[in-house]
J.: 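Take a look at this one; I'll ask things after.
Chain A is the first sequence line, chain B the second, and so forth, proteins listed ahead of strands; every chain is numbered from 1.
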Amino acid sequence: MAGRGEVVTGGREAYFFIAPLLLFVFAFIVFPIAGTFFSSFFSDVTFMGKKFIFLSNYTHAFSDPGFRQAFGFTLTFIAVAVPLELFIGTAFAVILDQELPLRGLWRACVLIPWAIPSAVSARIWQLIYNYGYGLANFIAVHSGLADGPVNWTGTASGSFIALLAADVWKTAPFVALIVLAGLQAVPSDLKAQARVDRATSFQVFRLVTLPLLKPVLTVALLFRTIDTLRIFDVIYVLTGGGPGGSTTSVSLYAYNYFAGGDFGYGSAVSMLLFMVSFGLSWLYVRLAGFGEAA
Amino acid sequence: MNISLKSLKKDFTSARGKFTVLDSVDLEIKEGEFFVLLGPSGCGKSTLLNLLAGLEKPSSGEISFGGTLMAGPGKFTGPRGRNVAMVFQSYALYPHLTVFGNIAFPLNIAKVPKPEIKERVEKAAAMLGITALLGSKPGELSGGERQRVAIARAVVRRPDVLLFDEPLSNLDAQLRLATRVELKKLQRELGITSIYVTHDQVEAMTLGDRVAVLKDGKLQQLDTPMGLYERPANRFVAQFIGFPPMNLMDCTLTEEAGAMAAGIGGVRLVPLKKPGLKTGPASIGIRPSDIEVSREPVPGSVPVRIDLAEPLGRDILLSFSLAGTEVSALTGDAGLTEGREAHARLIPEKVHVFI
């Protein structure tokens with residue numbers, strides 16, 4: 001490192017320059033997480049004494065039927081919603097990858113749901129699912145799919161389907177966007193070669209395009225899984241976690257405890273969610289190959 | 001399989017307007033022939049190859065394989081209906097499959113039974129000397145090895161027609177030479193009608209049984225390699241074929257006592273013996289090897305002053321001005337150095353006249 005010594009030994013100056021960012025990271029990320037972690041060891045309910053109970057909040061969570069219900073719902077929702085999002089998103093990406101007139105316009109249209117804030121789109125879906133004048137019941141009744149109006153948000157299965165539609169509608173465009181980028185990275189020569197090798201259009205997709213999309217689909221899968229794991233806003237607006245807690249996600253469950261003044265238990269639930277998210281994020285970083293020397 | 005192209009035309013429409021990439025091309029390619037499409041980039045040769053593969057539809061005209069119409073008015077057979085294999089410039093190996101998987105790909109599509117696939121892939125690999133690579137992924141191979149895999153994948157199908165799109169251009173010079181020889185041998189051995197696209201006239205000359213020269217979507221000339229060299233149909237072919245390129249000179253044809261001659265600005269350059277020539281402006285072409293440069297004047301020679309002498313090994317490439325036109329000539333006389341006065345004579349029998 002001769003000749004560049006001054007620069008290399010300036011480690012202290014380097015910290016000085018990144019200090020604003022470090023400050024931000026500490027204030028808004030590290031400190032809240034550490035704080036939550038710390039709180040999770042206490043029995044800390046508003047107007048009641050704060051008491052160190054170490055892991056009791058965690059042991060309670062594992063036997064708490066409410067937490068189990070929320071955790072089970074969240075996992076079930078991930079298991080159903082994420083594959084659906086990937087399938088629909090990929091299908092849209094394949095359509096948008098074709099030589100269509102006004103392609104730019106179609107692409108923009110598909111992305112609109114992703115651009116609308118969740119709380120706003122959830123309100124729109126709330127109108128759609130309205131028992132008396134909602135579009136969902138209008139279609140269900142007039143198409144003959146249902147004998148009478150369906151109480152969408154009043155039953156567990158109805159709520160699940162309602163949330164599923166709202167969530168997939170909003171997030172499939174995100175999948176479409178990254179899969180489209182992946183599709184455009186597939187060399188056209190390879191597809192032409194497969195066609196000359198007498199593959200049908202479907203075989204070209206299944207045997208050439210899809211395997212080459214695998215890394216992109218893996219990224220989409222992990223992104224969507226992590227994101228769905230902490231699903232909150234759509235549920236909060238549309239069903240409020242009901243009926244009877246059947247659509248309460250882990251995030252919403254933790255939120256309810258915070259809102260009720262039980263900071264200790266809310267923190268413990270949040271930490272459990274954080275740990276699962278962190279594990280998945282770590283997996284994502286590993287699979288995507290970040291930080292590896294090229 | 002013989003291939004017939006009739007008034008083949010291909011237009012592309014883009015935001016900037018309509019382009020004619022191929023314009024009324026008529027060709028007859030014979031069974032088992034090694035046919036080369038030669039031309040500069042953008043001449044339409046790759047488009048012609050795509051039309052033959054069925055990857056693109058012609059705007060008009062007909063393509064027939066062995067007498068069966070593949071593309072024509074109201075009829076179009078895609079790649080699935082044609083038994084055509086293709087080797088791309090990029091090799092287009094499937095990166096997620098092993099070498100075995102790549103070579104087996106067309107056979108899997110054709111639903112060939114597994115034991116037969118194994119046998120045929122191994123045979124094709126042995127023929128191209130890549131047996132040891134069957135378990136590797138394309139990413140682990142060198143350019144030359146990838147090339148061989150692409151060729152193995154093309155021949156394993158036993159296609160009726162083999163198409164090559166500049167397959168040697170991504171190889172280094174030495175490997176290109178060796179592969180060229182092998183490719184020609186392989187084609188002779190298999191006897192498959194092959195169409196080879198290149199912009200390299202040396203490749204075209206050495207590989208082709210016949211060569212079609214294309215420029216701006218139009219067929220310039222179709223002949224054997226030696227035919228193109230000896231009887232170029234126009235100025236473009238004359239300059240495109242052969243190295244160093246043919247000298248072209250704008251001159252005037254004159255007639256004296258029933259004998260035609262070409263001259264520039266009053267300097268009589270060379271008598272012309274070709275029948276049917278008319279007096280007036282024309283171009284004459286002569287290859288550098290067909291200009292004799294000597295130290296002493298000879299009958300019919302013109303005095304010149306040598307501007308540049310570039311040794312090529314066996315020959316020396318001389319540049320000088322001949323009646324105001326820069327020309328080059330090959331000589332074996334090392335005494336003809338830069339700045340020397342010399343005498344140049346165009347061999348009359350070797351002069352080409354382009355009107």
J.: Using a 4.5 Å cut-off on heavy atoms from C-beta on, say whether the side chain of B:Ile109 contacts that of A:Leu207.
T.: yes
J.: Above 12 or not: heavy atoms from other molecules or residues under 6.0 Å from CZ of A:Phe87?
T.: no
J.: Given heavy-atom pairs under 4.5 angstrom as the criterion, report whether the side chain, backbone, both or neither of B:Leu163 touches chain A.
T.: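 Contact with chain A is absent: no heavy atom of B:Leu163 under 4.5 Å.
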J.: Check whether more than 12 heavy atoms from other residues, nucleotides or ligands sit under 6.0 Å from atom NZ of B:Lys184, and answer yes or no.
T.: yes
J.: Atom NZ of residue position B:Lys75 - does it have more than 12 heavy atoms of other residues, nucleotides or ligands inside 6.0 Å?
T.: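 Yes, enclosed.
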J.: Report, as yes or no, whether the 6.0 Å neighbourhood of atom CZ on A:Phe92 holds more than 12 heavy atoms from other residues, nucleotides or ligands.
T.: no
J.: Using only distance, no hydrogens or angles, which N or O donor-acceptor pairs sit under 3.5 Å between chain B and chain A?
T.:
{"from": "B:Arg80", "atom 1": "O", "to": "A:Arg198", "atom 2": "NE", "distance (Å)": "3.2"}
{"from": "B:Arg80", "atom 1": "NH1", "to": "A:Arg198", "atom 2": "O", "distance (Å)": "2.5"}
{"from": "B:Arg82", "atom 1": "O", "to": "A:Arg198", "atom 2": "NE", "distance (Å)": "3.3"}
{"from": "B:Ser90", "atom 1": "OG", "to": "A:Asp189", "atom 2": "OD2", "distance (Å)": "2.4"}
{"from": "B:Tyr94", "atom 1": "OH", "to": "A:Ala194", "atom 2": "N", "distance (Å)": "3.3"}
{"from": "B:Tyr94", "atom 1": "OH", "to": "A:Asp197", "atom 2": "OD2", "distance (Å)": "2.8"}
{"from": "B:His96", "atom 1": "NE2", "to": "A:Leu207", "atom 2": "O", "distance (Å)": "2.8"}
{"from": "B:Arg153", "atom 1": "NH2", "to": "A:Gln193", "atom 2": "OE1", "distance (Å)": "3.1"}
{"from": "B:Arg157", "atom 1": "NH1", "to": "A:Val196", "atom 2": "O", "distance (Å)": "2.9"}

J.: Just wondering, are more than 12 heavy atoms of other shown residues or ligands nearer than 6.0 Å to CZ in A:Phe278?
T.: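 At most 12 heavy atoms, drawn from other residues, nucleotides or ligands, come within 6.0 Å of this atom.
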J.: The criterion is side-chain contact (heavy atoms from CB on, under 4.5 Å); which residues satisfy it with B:Pro95, sequence neighbours excluded?
T.: A:Leu190, A:Leu212
